[in-house]
Q: 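Here it is: the structure, laid out below.
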Amino acid sequence: MRSPDPGGLPKIFTGARRGWVLGLVGLGLGQGALGALSAWALTQLRGSGSWPMAAVILSIVAAAVALGGLRVEERIAAERLGQDYVRHVRRDLVEAELTPGSRTHLGITVARTTNDLSSVRNWVSQGVGPLAAGIPLIVGSAVGLTIIDPFLGLGFLLPLGVLAAVLVPWARTAYQKSRSLRRARGRMATRIADTVGASQGIIAARGAGRELGHIDSASDAVVDRAVDRSEIVGLIRAGGTVAAMLATLAVAAIGVVRGLDPTVTMAAMAVAGIASTPIIDIGRIVEYRQTYLAARAVLGPALADAARRRTAYERSRDAAASAPVPDGADGPGLVHLAVPGLTPDGSPLRAAPGARIRLTSDDPEAALRLMRRVVGLDAAPPGIADEVWVGGENLGAVAPARGRALVGLATRGAVFERGPLRRALRYRRPDLDEETALAVLETVGLAVGRFPDGPRTVLRSGGEPLSTDERARLALARAIYGEPPLLLVADLDRDLDQEGRDRLERILARYPGVVVLTGSDELARALGAEEFRVDTTPAPVTPDGRVPDDD
């Protein structure tokens, strides 16, 4: 469903959208036919007409009402087209963020799924839609006027030709200004997201005034670029209005100069007047096209990058899935982890049920990168296949439901999806019963009874209204739910209170599977954990320490 070019967006003329586009063309042809009918009816107002006067007037009124009805249907069909297309692109953008390796800033993601998608929707629903219906109407009107008198058709088309000529440079300028405005909005979105995310530290340091000053500066840049862009946009829109007016006046003037019958001239003006609506829309359509192109310049590469990451991830999984069973990794409950770049060459992490293994490294992030590779949050580098075997099963080859049952992950700073607390707990194993869920909550000491809705309490903003300690307990409950053979715990004790740390120690001590963890020395000693040293291969970053972003 995606465009073949790497920087493109999904196709418009495909699937159900093909029917809506053709429907819009049909609506345009219908409006043109009604315009011709109205023009013909006007010629019958002469005394020599073959129709009674009352029938002529009723025909004109009926055609006008029908024309209005077609315009309503045109707007509805165009909106359906735009909304369906945006839904498709929005899903692709969210899928891109759910693809391993994504590092897009939250503010940029918000900007893409709001401002940029609004630009896309405006182009499809108020650009492509009116074009699909307007072009047949304009062409049909020009043909009809030419049939009446070739000079009428020429006079009608001349202002449109001039408009087309001047729109080429104007459109290029509008695109450049739209790109500039879009970048300013992206910078403002990231600034706002960073400020809101760091709000507690800002308030504590009495720095609200300074940060608001930064927001004002970013907002001023947006205002300046928006006003600058409005000049060319106003010029483009005015061009459509002027062209429509000149086309109608040209038809009237030619009818007078040519000495055409007044009723014929009046009919020709009616035809030109009906076509003036899509002509006026041309200016707006060109504006929407340029803002769409500015959005596509960012969205297209972002989606293409996500597609490349998905392809690389799938290739890595395919390579891992085809790997033979390593020696000694096919026993019940056994764990075998060979992650190139993180586990030493020739020395994979191997453990049997009941083992407690603490990951150590000179790089504080290396252990977490290892865990992320194990569960598929990060993809292996190109050409490298991770060997992750749990209980004799290849984690790269099993179905997602089976993979969730084999591995549980609990990390410090856990963030939860929006929804009921009970759903957050059972997210890994929705197949297990309610009694098991309540027992796990009791095991981790998460007192859901303090909330009015209990397990049905809706979590928002990553975990509210849970406290930090309660989020850590919920993360642990989700990880041990169903007792997966491999349990990964990353610095969870740092988010727990003393009672929670004591409870974590007891849970991990009697856990039946393999526990791989990072955490305090006290926790490791209490569990008698064996140490496994993780290699310190650094993760690739840009010179400024972050992943590059198109925005």
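Note: hydrogens, waters and symmetry copies are ignored here, and every other heavy atom, side chains too, is used.
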Q: Stepwise, does the side chain to side chain contact (heavy atoms under 4.5 Å, CB included) test hold for W123 with T291?
A: CA-CA 8 Å; W123 160 241; T291 55; 5.9 Å; no
Q: When you measure from the side chain of T411 to the backbone N and O of A414, does any donor-acceptor pair fall under 3.5 Å?
A: no
Q: What is the distance from atom OG1 of T360 to atom CG of D521, rounded to the nearest 0.5 Å?
A: 10.5 Å
Q: Is there a side-chain contact between P455 and L438 in this structure, where contact means two heavy atoms from C-beta onward sitting under 4.5 Å apart?
A: yes
Q: For D216, does the CG atom have more than 12 heavy-atom neighbours from other residues, nucleotides or ligands under 6.0 Å away?
A: yes
Q: L474 versus L459: any side-chain heavy-atom pair under 4.5 Å?
A: yes
Q: Is there side-chain contact between T457 and P420, with heavy atoms separated by less than 4.5 Å?
A: no
Q: When you measure from the side chain of R471 to the backbone of L466, do you find a donor-acceptor pair of N or O atoms at a distance under 3.5 Å?
A: yes
Q: Can you give me the closest heavy-atom contact between N122 and Y288, atom names plus distance?
A: O-CD1, 3.7 Å
Q: Please name the pair of heavy atoms, one in A410 and one in A475, separated by the smallest distance, quoted to 0.1 Å.
A: CB-O, 3.6 Å
Q: More than 12 heavy atoms of other residues, nucleotides or ligands under 6.0 Å from CZ of R350: yes or no?
A: yes
Q: Between the main-chain N or O of S467 and the side-chain N or O of E470, is there a donor-acceptor pair closer than 3.5 Å?
A: yes
Q: Could you pull out the closest heavy-atom pair between A424 and F416, with the gap in Å?
A: CB-CD2, 4.2 Å
Q: Say you draw a straight line from CG of L359 to CZ of R369; how long is it, rounded to the nearest 0.5 Å?
A: 12.0 Å
Q: Can you tell me if Y427 has over 12 outside heavy atoms packed within less than 6.0 Å of its OH?
A: no
Q: Any side-chain heavy-atom pair from L337 and E387 closer than 4.5 angstrom?
A: no
Q: Looking at E393 and R402, is there a salt bridge between them, counting it only when a charged N and a carboxylate O are closer than 4.0 Å?
A: yes
Q: Salt bridge (Lys or Arg N to Asp or Glu O under 4.0 Å) with R533: which residues, sequence neighbours excluded?
A: D362
Q: Are L406 and L486 close enough that some pair of their side-chain heavy atoms sits under 4.5 Å apart?
A: no
Q: Tell me whether R503 is salt-bridged to D493, with the criterion being a basic N under 4.0 Å from an acidic carboxylate O.
A: no
Q: How close do A405 and P485 get, counting heavy atoms only, and between which atoms?
A: O-CD, 3.5 Å
Q: With rounding to the nearest 0.5 Å, note down the distance linking CZ in R289 to CZ in R296.
A: 5.5 Å
Q: Taking CZ in R18 as the centre, count heavy atoms belonging to other residues, nucleotides or ligands within less than 6.0 Å. Is the count above 12?
A: yes
Q: Walk me through it: do D453 and V458 pass the test side chain to side chain contact (heavy atoms under 4.5 Å, CB included)?
A: CA-CA 8 Å; D453 296 327; V458 176; over 6 Å; no
Q: Just verifying a value: how many Å separate L181 CG and R229 CZ, rounded to the nearest 0.5 Å?
A: 6.0 Å
Q: Show me, pair by pair, the donor-acceptor contacts under 3.5 angstrom made by side chains of residues 508-519, not counting sequence neighbours?
A:
{"unit_1": "Y511", "atom_1": "OH", "unit_2": "P484", "atom_2": "O", "d": "2.6"}
{"unit_1": "T518", "atom_1": "OG1", "unit_2": "D491", "atom_2": "N", "d": "3.1"}
{"unit_1": "T518", "atom_1": "OG1", "unit_2": "D491", "atom_2": "OD1", "d": "3.3"}

Q: In terms of side-chain geometry, is the basic nitrogen of R87 or D84 positioned less than 4.0 Å from the acidic oxygen of its partner?
A: yes
Q: Do R473 and D497 meet the salt-bridge criterion of a basic N to acidic O distance under 4.0 Å?
A: yes
Q: Within 45° of the ring axis of Y481 and under 6.0 Å from its six-membered ring centre, is that where the NZ or CZ of R428 lies?
A: no
Q: For K11, does its backbone N or O pair with a side-chain atom of R17 as donor and acceptor, under 3.5 Å?
A: yes
Q: Please check if the number of heavy atoms outside R450 that lie under 6.0 Å from its CZ is greater than 12.
A: yes
Q: Looking at V21 and A132, what are the two nearest heavy atoms and their distance?
A: O-CB, 4.1 Å
Q: Between CG of D220 and CE of M188, what distance do you get to the nearest 0.5 Å?
A: 10.5 Å
Q: Taking T343's backbone N and O only, do any of them form a donor-acceptor pair with S347's side chain (distance below 3.5 Å, no angle check)?
A: no
Q: Test side chain to side chain contact (heavy atoms under 4.5 Å, CB included) on V325 and W389 and set out the steps.
A: CA-CA 8 Å; V325 183; W389 292 77; 3.4 Å; yes
Q: Kindly state each residue pair satisfying side chain to side chain donor-acceptor pair (under 3.5 Å) with at least one member in residues 412-422, sequence neighbours excluded.
A: R412-D495, E417-R478, R422-E434
Q: Would you call R501 and E522 a salt bridge, using N to O less than 4.0 angstrom?
A: no
Q: Could you walk me through whether Q290 and Q176 satisfy the side chain to side chain contact (heavy atoms under 4.5 Å, CB included) test, starting with their C-alpha distance in whole Å, then the side-chain angles of each, then the deciding distance to 0.1 Å, before giving a yes or no?
A: CA-CA 8 Å; Q290 304 317 305; Q176 294 170 349; over 6 Å; no
Q: Identify the heavy atoms of A294 and Y175 that sit nearest to each other, and give their distance.
A: N-CE1, 3.6 Å
Q: Around atom CZ of R210, are there more than 12 heavy atoms of other residues, nucleotides or ligands at under 6.0 Å?
A: no
Q: Let me confirm one number: the CD1-CD distance from I357 to E531, rounded to the nearest 0.5 Å.
A: 11.5 Å
Q: Please check this pair: side chain of S125 against backbone of G82, looking for a donor-acceptor N/O pair closer than 3.5 Å.
A: no
